[in-house]
Structure formats: C-alpha cells, structure tokens
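Below: the structure, in structure tokens.
Only a predicted model underlies this, so the values are computations on that prediction, with no experimental measurement involved.
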Amino acid sequence: MAYFSTLAPGSALPSGETCATLVRATPEHRSANASYNGAAAPGSPPSIDGATSAFNAAYSGRIDGNFSGTTDEILQWASCKWGFDENVTRARAWNESWWFQSYYGDNGQSCGILQVKGWVHEQTWPRACDSTAFNADYSLAWLRACYEGAFPWLGQYGTTQYGPYQAGDLWGCIGAWYSGTWNTNGSRDYQGWVQANLANRPWDALVP
C-alpha cells in the first residue's frame with residue numbers, strides 16, 4: 001500500500017473518497033478517541049482562515065471530515081487528501097495533543113488532535129472539537145493553503161532571516177500554525193519540536 005508523501009505546490013490533490021480507499025488499516029492506539037473518530041461533522045464547509053479568496057473558492061468546499069476510522073487511519077486520510085507526508089502529520093499531532101482528540105490547550109481556546117483555535121479559525125467549532133476527522137481535515141487544509149502561498153499577509157508578521165514567505169516552505173508553514181508568524185523564534189522552536197517527534201516516532205511505542 002502507498003505511503004502518503006508531500007505533494008509539491010500546484011499538484012492535483014486526491015479526493016477524500018479516493019484517500020479512504022488508500023488508507024492502510026491500523027489498530028486504535030487511543031481508545032479514548034472512539035466516540036470522536038466516528039463522529040459526523042454536519043454543516044457548511046468553513047472558510048480557511050487567512051487564505052486568499054481564490055484559494056477558498058477552490059478548496060474550502062473540500063473540508064467535510066467525511067471519514068471514520070482509527071486515530072492513525074484518520075491522520076493518514078487527511079494527509080493523503082491534502083498532500084502531506086503522513087509521518088509529519090503524526091509528529092504534529094503528537095506535539096499538539098499526544099493524539100488525544102479530547103485535549104484542550106491554550107487555556108481552552110484550542111481543541112482536538114491538531115489543536116484548532118476557535119476564535120482564530122471561525123466556523124470550525126464545535127466540529128473541530130467533536131470530530132477527529134474534521135479537526136485533521138481543516139488543519140491540513142490550512143497547511144495546504146499556507147504551503148501554496150495563499151497567505152500573502154503572513155510575510156508581514158515575521159522575519160526573512162530564513163527566507164521570505166513563499167509557496168513551498170513546509171516547515172515555515174508548520175511553524176506558522178503554532179505562532180501565526182513567519183519563522184520567528186517561537187515558530188522555529190515549534191518546528192524543532194515537531195522535527196524531534198519525526199525523528200523519534202514516539203507513537204511507535206503506543207500499545208493498541
């Protein structure tokens with residue numbers, strides 16, 4: 001079965017339905033997620049916060065959280081759907097929530113497996129808190145928008161020390177999910193934490 005890798009900016013993205021057929025079966029490592037992993041996410045597709053209107057017109061309608069499975073299968077599915085390396089997604093989710101969909105951070109302002117902040121990402125709550133698949137779907141849609149260069153504003157909030165904001169800088173965008181800034185100290189710290197998870201793969205030690 002295929003391993004899901006990062007697709008370059010401008011690549012055609014597979015549908016959620018296609019990705020559902022490609023996901024490799026894996027056991028549930030977080031039994032506490034069971035009620036969230038099968039939860040539907042009804043409602044209109046949300047706009048991707050901060051993305052250009054052109055990107056939203058093309059892609060926001062794809063956000064539906066329409067998948068159920070184990071926690072790892074959901075991370076695979078969202079990675080496939082939005083064209084990102086599945087282990088990078090696993091590493092991000094570990095840093096954000098230790099793979100617990102019920103986790104609330106930022107003093108209750110952020111929720112779920114990839115920590116969607118409600119007051120920033122409008123139209124996502126409560127679905128991002130109630131559904132693991134919707135949480136991952138939206139979070140990776142946001143990352144794809146950043147990766148495609150659809151956040152021109154982001155270049156005004158950060159540093160060019162490591163290069164200006166532009167399409168194709170995956171790690172810069174991963175840091176921006178955490179900080180809302182471009183390659184500032186906080187953003188770079190977060191990149192390092194995720195990269196350490198990627199190297200150490202702590203999820204491998206989970207017992208089904």
Side-chain angles (χ1 to χ4, degrees), residues 3-13 46-56 58-60 62-63 75-76 78-99 103 105-107 109-122 124 128 135-203:
Y3 177 92
F4 304 123
S5 301
T6 299
L7 302 179
S11 296
L13 300 175
S47 296
I48 301 165
D49 178 74
T52 59
S53 58
F55 188 92
N56 264 310
Y59 291 104
S60 66
R62 301 179 87 238
I63 306 169
L75 295 177
Q76 288 182 57
S79 298
C80 171
K81 183 177 178 180
W82 292 103
F84 291 112
D85 185 292
E86 62 187 76
N87 274 337
V88 171
T89 302
R90 291 181 177 109
R92 293 181 64 218
W94 191 268
N95 202 80
E96 292 287 0
S97 66
W98 303 279
W99 288 24
Y103 181 71
D106 298 321
N107 295 314
Q109 298 180 69
S110 301
C111 71
I113 196 159
L114 281 160
Q115 291 294 283
V116 176
K117 186 171 288 187
W119 67 268
V120 173
H121 302 285
E122 298 178 356
T124 61
N135 190 289
D137 202 4
Y138 177 84
S139 300
L140 293 191
W142 188 98
L143 188 65
R144 174 53 62 172
C146 181
Y147 188 58
E148 293 283 348
F151 293 154
W153 57 269
L154 190 53
Q156 304 172 33
Y157 297 95
T159 175
T160 59
Q161 179 181 358
Y162 303 98
Y165 171 65
Q166 58 187 348
D169 188 337
L170 176 60
W171 287 102
C173 288
I174 286 172
W177 174 257
Y178 170 78
S179 68
T181 57
W182 188 249
N183 280 324
T184 56
N185 289 338
S187 173
R188 299 286 293 183
D189 286 345
Y190 182 82
Q191 294 171 45
W193 302 333
V194 175
Q195 288 166 353
N197 290 337
L198 186 59
N200 296 327
R201 297 171 57 101
W203 54 88

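The heavy-atom pair separating Thr89 from Ser79 by the smallest distance is OG1-OG, 2.8 Å. Among all heavy-atom pairs drawn from Phe4 and Gln76, the shortest one is CD1-O, 3.6 Å. Heavy-atom minimum distance, Ile63 versus Ala141: CD1-CB, 3.6 Å. Taking both residues in full, the closest heavy atoms of Ser60 and Pro46 are given as CB-O, 3.3 Å, listed atom of the first, atom of the second, then distance. Closest of all the heavy-atom pairs between Ala51 and Ala145 is CB-CB, 4.1 Å. Counting all heavy atoms, side chain and backbone alike, Gly172 lies closest to Asp169 at N-OD1, 2.8 Å.
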Check the pair Phe151, Trp182 against side chain to side chain contact (heavy atoms under 4.5 Å, CB included), reporting the backbone distance first and the verdict last. CA-CA 11 Å; Phe151 293 154; Trp182 188 249; over 6 Å; no

How far apart are the C-alpha atoms of Leu170 and Asp85, what are their side-chain angles, what is the distance that settles it, and do they pass the side chain to side chain contact (heavy atoms under 4.5 Å, CB included) test? CA-CA 10 Å; Leu170 176 60; Asp85 185 292; 5.9 Å; no

Please lay out, stage by stage, how Val194 and Tyr178 fare under the test side chain to side chain contact (heavy atoms under 4.5 Å, CB included). CA-CA 11 Å; Val194 175; Tyr178 170 78; over 6 Å; no

Go through the steps for Lys81 and Asp137 under the test side chain to side chain contact (heavy atoms under 4.5 Å, CB included), then give the verdict. CA-CA 8 Å; Lys81 183 177 178 180; Asp137 202 4; 2.9 Å; yes

Would Tyr3 and Asn87 satisfy side chain to side chain donor-acceptor pair (under 3.5 Å), going step by step from the backbone distance to the final call? CA-CA 9 Å; Tyr3 177 92; Asn87 274 337; 3.1 Å; yes

List the steps, then state whether salt bridge (Lys or Arg N to Asp or Glu O under 4.0 Å) holds for Glu96 with Arg92. CA-CA 6 Å; Glu96 292 287 0; Arg92 293 181 64 218; 5.3 Å; no

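Glu122 contributes atom CD, which lies 7.0 Å from atom CG of Asp49 (distance to the nearest 0.5 angstrom). With values rounded to the nearest 0.5 angstrom, Leu143 atom CG is found 3.5 Å from Phe84 atom CZ. Interatomic distance, Ile48 CD1 to Phe55 CZ, rounded to the nearest 0.5 Å: 4.5 Å. Gln115 CD to Trp177 CH2: the interatomic distance, rounded to the nearest 0.5 Å, is 9.0 Å. To the nearest 0.5 Å, the span separating OG on Ser179 from CZ on Arg188 amounts to 11.0 Å. Expressed to the nearest 0.5 Å, how far CG of Leu198 lies from CG of Asn95 amounts to 11.5 Å.
Between Tyr165 and Gln156, the closest side-chain pair of non-hydrogen atoms is not below 4.5 Å. The shortest distance between side-chain heavy atoms of Gln109 and Val120 does not fall below 4.5 Å. Inter-residue side-chain proximity for Ser187 and Thr184 is flagged as met; some heavy-atom pair is nearer than 4.5 Å. Looking at Arg144 and Tyr59, their side chains never come closer than 4.5 Å, going by heavy atoms from C-beta outward.
In this structure, Tyr162 has its ring center at least 6.0 angstrom away from the ring center of Trp171.
Distance alone, capped at 3.5 Å, is enough to place a donor-acceptor pair between the Glu148 side chain and the Gly10 backbone.
Looking only at atom types and distance, the side chain of Asn183 has a donor-acceptor partner in the side chain of Gln191 under 3.5 Å away.
Under a cut-off of 6.0 angstrom, the local environment of CG in Asp189 is crowded, with over 12 non-hydrogen atoms contributed by other residues, nucleotides or ligands.
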